[in-house]
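Just below is one structure, and these are the notes that go with it.
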Amino acid sequence: NGKWYLISPDFSQSVNDDYSRFIKQTGSNSLPMCKGEKEDEYNKRVAQELGLCLMDKKMIFHGGSSSQIEFCDLFTKDNKIYHIKRYSGSSVLSHLFSQGLVSGELFLRDNSFLRKVNDQLDPSYRLSDLSRKPAARDYEIVFGIISTSGKDLELPFFSKITLRNAINRLEAFGYKVSFVKILNQR
């Protein structure tokens, strides 16, 4: 937001190197181009076009009377968990990465949350045995960012740190983590 602080060059370089490596390694996921829609309209169209489970705006009350968590935006039959946001400032992007981390951790570690997620999934996507904890290695968390830029996506430094922390934690749980840039053709 226009304020600069001194960052250790080694730390800064490490974060930027990790970000570059992550983006290059995860280019295999793709989603249809955005046609200028709002995020929720895009998610709805993609779910219909590709036959995915739409979870956008399906809030799960968990952890307290007013605490709400969105498990994901799109869920696939091959266990891809998509979290999608439009490119914006650090707060929006960092929220995206934190959402993926929090919902991914709760999905594995909190049976009550798992049951609530399962209740929200379309019947053909539901987990058959809730007595067994999901195996993280069977799931992929995909962060999708909608952008109008035709260039490689460059995130604010703060968001790169948040993304790196989320990736490290999710991979420690055993998830595969990837990234997809969704071109917005306006």
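Here the structure is a predicted model, which is why all the values come from computation and not from measurement. Values below: all heavy atoms of this structure, side chains included; hydrogens, waters and symmetry mates excluded.
- Phe61 CZ to Ser66 OG: the interatomic distance, rounded to the nearest 0.5 Å, is 8.5 Å.
- The side-chain heavy atoms of Ile69 and Phe113, taken from C-beta on, include a pair separated by under 4.5 Å.
- Within 6.0 Å of CZ on Phe158 lie no more than 12 heavy atoms contributed by other residues, nucleotides or ligands.
- You'll find the side chain of Asn79 stays beyond 4.5 Å of the side chain of Glu140, heavy atoms only.
- Rounding to the nearest 0.5 Å gives a distance of 8.0 Å between CG of Leu96 and CG of Asp73.
- The CD atom of Gln99 sits 11.0 Å away from the CD1 atom of Ile81 when rounded to the nearest 0.5 Å.
- The aromatic rings of Phe75 and Phe71 sit tilted relative to each other, their planes meeting at an angle between 30° and 60°.
- Under the 4.5 Å side-chain heavy-atom criterion for ILVMFWY residues, no single connected hydrophobic cluster contains both Leu163 and Val92.
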Worked check of side-chain contact (heavy atoms from CB on, under 4.5 Å) between Gln48 and Lys44: CA-CA 6 Å; Gln48 290 171 343; Lys44 185 176 181 180; 3.8 Å; yes
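- With respect to Lys57 and Glu39, no salt bridge is recorded, no charged nitrogen being found less than 4.0 Å from a carboxylate O.
- For the pair Asp56/Leu74, no side-chain contact is recorded, criterion being any heavy-atom separation below 4.5 Å from C-beta on.
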Full working for side-chain contact (heavy atoms from CB on, under 4.5 Å) between Tyr175 and Phe107: CA-CA 11 Å; Tyr175 284 110; Phe107 185 68; 3.5 Å; yes
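- Among all heavy-atom pairs drawn from Pro156 and Gly89, the shortest one is CG-C, 4.5 Å.
- The environment of CG in Asp152 is sparse: at most 12 heavy-atom neighbours from other residues, nucleotides or ligands sit within 6.0 Å.
- Proximity of Ile84 to Leu31: side-chain heavy atoms (C-beta onward) are separated by under 4.5 Å at one or more points.
- More than 12 heavy atoms of other shown residues, nucleotides or ligands fall within 6.0 angstrom of atom NZ in Lys77.
- With a 4.5 Å cut-off on side-chain heavy atoms, Ser149 and Tyr87 do not count as touching.
- A salt bridge does not link Asp119 with Lys116: none of the charged nitrogens is closer than 4.0 Å to a carboxylate oxygen.
- No hydrogens or angles considered: nothing links the side chains of Ser124 and Asp122 as a donor-acceptor pair under 3.5 Å.
- Other residues, nucleotides and ligands contribute more than 12 heavy atoms inside 6.0 Å of the NZ atom of Lys58.
- No more than 12 heavy atoms of other residues, nucleotides or ligands sit less than 6.0 Å from atom CZ of Arg137.
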Criterion side-chain contact (heavy atoms from CB on, under 4.5 Å) on Asn111 and Arg115, from CA distance to verdict: CA-CA 6 Å; Asn111 195 265; Arg115 289 180 186 283; 2.7 Å; yes
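- Not a single donor-acceptor pair under 3.5 Å links the side chain of Ser14 to the backbone N or O of Asp10.
- Ser147 OG to Asn184 CG: the interatomic distance, rounded to the nearest 0.5 Å, is 8.0 Å.
- When every heavy atom of Tyr19 is checked against every heavy atom of Leu153, the shortest pair comes out as OH-O, 2.6 Å.
- Once rounded to the nearest 0.5 Å, the distance linking CG of Asn118 with CG of Leu130 reads 4.5 Å.
- No side-chain donor from either of Asn165 and Arg169 sits under 3.5 Å from a side-chain acceptor of the other.
- Not one N or O on the side chain of Lys160 forms a donor-acceptor pair closer than 3.5 Å with the backbone of Glu154.
- Summarising the geometry, atom NZ belonging to Lys80 is positioned 13.5 Å from atom SG belonging to Cys72; distances are rounded to the nearest 0.5 Å.
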Candidate pair Val142 and Phe179, rule side-chain contact (heavy atoms from CB on, under 4.5 Å), full reasoning: CA-CA 5 Å; Val142 183; Phe179 173 86; over 6 Å; no
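- At least one side-chain heavy atom of Val177 sits under 4.5 Å from a side-chain heavy atom of Phe143.
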